[in-house]
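This report refers to the structure that appears directly beneath it.
Quick caveat: nothing in here was measured; it's all calculated off a predicted structure. Whatever order the structure lists ligands and atoms in, that order sets their numbers, starting from 1.
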Amino acid sequence: MVRTHHDFTWSGVDVHPYKEDGGTHFKSITRQTLYKGEPTLPVELRYFEIAPGGHSTMERHDHLHVVTVIRGKGQVLVGDEIRPIGLHDVVHVPEQTWHQFQAEADDHLGFLCLVAVDRDRPYRPQAEDLEGLSSHVREFVRV
Ligand code: MN
């Protein structure tokens with residue numbers, strides 16, 4: 001089976017809001033689930049696209065992500081590290097590691113994200129978590 005690509009949409013795949021419950025902890029981001037998982041391959045492959053100036057939720061959780069950038073550029077926080085990311089870069093997010101993706105002000109950031117079907121809910125930073133961050137991380141993140 002082939003899902004045909006056209007301009008960062010795929011045949012038979014709906015474009016959804018990033019998180020159905022809404023909120024202000026993310027901005028200008030959409031989600032498409034390209035693969036929903038099967039018993040012998042229990043992972044989801046999602047495509048997220050962050051519009052210029054937007055960002056994903058800052059969060060951590062027990063499950064892992066492997067992310068591959070396929071559109072544009074931006075920056076990522078993983079743990080204590082903030083790095084520029086661009087086309088074809090691969091980002092590994094380990095368990096219980098703070099992470100946030102941000103698009104450039106003038107460019108989209110689109111990436112494939114591999115994640116386990118069976119996974120825990122993300123945890124968002126509380127005031128005491130933010131106080132414990134390094135100053136360079138605190139200046140970077142949008143919460
Ligand atoms: Mn996450």
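- Restricting Glu59 to its N, O or S atoms, the one at the least distance from the Mn ion (ligand 1) is OE2.
- Between the side chain of Arg138 and the main chain of Leu133, a donor-acceptor pair closer than 3.5 Å is present.
- Put simply, the side chain of Gln100 gets close to the backbone of Arg142: a donor and an acceptor are under 3.5 Å apart.
- A donor-acceptor distance shorter than 3.5 angstrom exists from the side chain of Asp120 to the backbone of His63, with no hydrogens or angles considered.
- Taking the Mn ion (ligand 1) as the corner point, the angle from His61 atom NE2 to His99 atom NE2 is about 90° (rounded to 10 degrees).
- The N, O or S atom of His65 with the smallest distance to the Mn ion (ligand 1) is NE2.
- Within the structure, salt bridge (charged side-chain N to carboxylate O under 4.0 Å, His left out) contacts touching residues 100-118 (residues at least two apart or in different chains) are Lys73-Asp107.
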